[in-house]
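Only this structure's heavy atoms are used, side chains among them; waters, hydrogens and symmetry mates stay out. For reference, positions follow the sequence shown, starting with 1.
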Amino acid sequence: MKLTPFTQTDFDGLYAFMQPLWHETYGGFLSKAHIDRLLDCYFSPVGLARYRALGYEYYKIDDIGVLVFVDRGDYLYMDKLYLLPCARGKGYPAFAFGEMAKRGKDILLSANRQNARALKCYQKNGFVIEEEKETDFGNGMINYDYILRKR
């Protein structure tokens with residue numbers, strides 16, 4: 001298993017990589033419009049430029065996944081961890097968390113309260129729910145998340 005920093009080619013193909021994953025992951029509890037709005041927010045050229053300017057780091061996990069996080073001083077905030085279906089259940093999340101842990105900081109993340117697969121994975125890897133959070137994206141689109149921490 002290997003983490004590789006994104007190249008420009010990786011950034012250029014990120015939206016196309018993420019689109020089917022997001023619809024598969026969130027399609028059971030978010031509307032298509034909500035998913036598409038979030039995809040544009042995070043993975044359009046404008047969204048990517050905004051997050052990169054804020055210091056977010058983008059990594060490929062082999063050729064089967066994406067890890068995005070940012071150093072917030074006292075902790076790392078893991079913003080994205082997505083794997084192709086063929087890579088699930090093979091230890092990639094534990095690998096990614098281990099690589100992040102090498103920085104010697106707590107890891108925080110948010111996960112949709114209805115995303116049972118992700119919550120199970122995070123808790124299996126030592127994350128603990130600390131709080132609930134709601135983020136309003138307008139037009140009735142609200143993310144209902146848990147904030148989890150791994151010390």
So Trp22 and Tyr42, do their side chains get closer than 4.5 Å, heavy atoms only? yes

Compare all side-chain heavy atoms of Asp36 with those of His23 and state whether any distance is below 4.5 angstrom. yes

Can you tell me how far apart NZ (Lys105) and CG (Asp71) are? Round to the nearest 0.5 Å. 3.0 Å

All salt bridge (Lys or Arg N to Asp or Glu O under 4.0 Å) counterparts of Glu132, not counting sequence neighbours: Arg113

Assign the ring pair Phe11 / Phe6 to parallel, tilted or perpendicular, where the plane angle (0 to 90°) is split at 30° and 60°. perpendicular

Before giving the answer on side-chain contact (heavy atoms from CB on, under 4.5 Å), spell out for Val70 and Leu54 the whole-Å C-alpha distance, their side-chain angles and the decisive distance to 0.1 Å. CA-CA 8 Å; Val70 64; Leu54 292 171; 5.7 Å; no

For Asn115, side chain to side chain contact (heavy atoms under 4.5 Å, CB included) partners two or more places apart: Thr25, Tyr26, Phe29, Asn112, Arg117, Ala118

Any side-chain to backbone donor/acceptor pair from Arg151 onto Gly126? Under 3.5 Å, distance only. no

Got a second to check how far Arg37's CZ is from Asn139's CG, nearest 0.5 Å? 5.5 Å

Residue pair Ala101 / Ile107: nearest heavy atoms and the distance that separates them: N-CD1, 4.2 Å

State, yes or no, whether a side-chain contact exists between Leu81 and Phe97 at a heavy-atom distance under 4.5 Å. yes

Using the side chain to side chain contact (heavy atoms under 4.5 Å, CB included) criterion, which residues pair with Asp63? Sequence neighbours excluded. Lys60

Among all residues two or more places apart in sequence or in another chain, which pass the side chain to side chain contact (heavy atoms under 4.5 Å, CB included) test with Ala116? none

Does a side chain donor of either Asn143 or His34 reach within less than 3.5 Å of an acceptor in the other side chain? yes

Do Tyr146 and Tyr122 make the cut of ring centroids closer than 6.0 angstrom? no

Steps toward ring pair (Phe, Tyr, Trp, His ring centres under 6.0 Å) verdict (Tyr56, Tyr77): CA-CA 9 Å; Tyr56 283 69; Tyr77 178 75; 7.1 Å; no

Between Asp10 and Thr7, do the side chains contain a donor N or O and an acceptor N or O under 3.5 Å apart? yes

Restricting to side chain to side chain contact (heavy atoms under 4.5 Å, CB included), what partner residues turn up for Lys124, sequence neighbours left out? none

So, taking the atom named OG in Ser110 and the one named CD1 in Ile129, what distance separates them when rounded to the nearest 0.5 Å? 12.0 Å

Tell me whether Leu39 shares a hydrophobic cluster with Ile142, the cluster being built from Ile, Leu, Val, Met, Phe, Trp, Tyr side chains joined at under 4.5 Å. no

Do Val68 and Tyr51 make a side-chain contact, defined as non-hydrogen atoms from C-beta onward lying under 4.5 Å apart? no

Does the side chain of Tyr144 reach to within under 4.5 Å of the side chain of Gln114, using non-hydrogen atoms? no

Rounding to 0.5 Å, atoms CG (Asp62) and CG (Leu84) come to a distance of 11.0 Å

For the student: nearest non-hydrogen atoms of Pro20 and Ala16, plus distance: CD-O, 3.2 Å

Gap between atom CG of Leu3 and atom OH of Tyr92 - 0.5 Å precision: 11.0 Å

Leu76 and Asp106: side-chain contact (heavy atoms from CB on, under 4.5 Å), yes or no, with the steps? CA-CA 6 Å; Leu76 299 178; Asp106 287 4; over 6 Å; no

Any idea which heavy atoms bring Leu83 and Gly65 closest together, and the distance? CD2-CA, 3.9 Å

Run Leu67 and Met78 through side-chain contact (heavy atoms from CB on, under 4.5 Å) and show every step you take. CA-CA 8 Å; Leu67 173 66; Met78 190 192 80; 3.8 Å; yes

If you round to the nearest 0.5 Å, how far is OH of Tyr58 from CZ of Arg52? 8.0 Å

Hey, could you give me each pair passing salt bridge (charged side-chain N to carboxylate O under 4.0 Å, His left out) that has a residue in residues 73-97? Not counting sequence neighbours. Glu24-Arg88

Below 4.5 Å, heavy atoms only, C-beta onward: do Arg149 and Val128 meet side chain to side chain? no

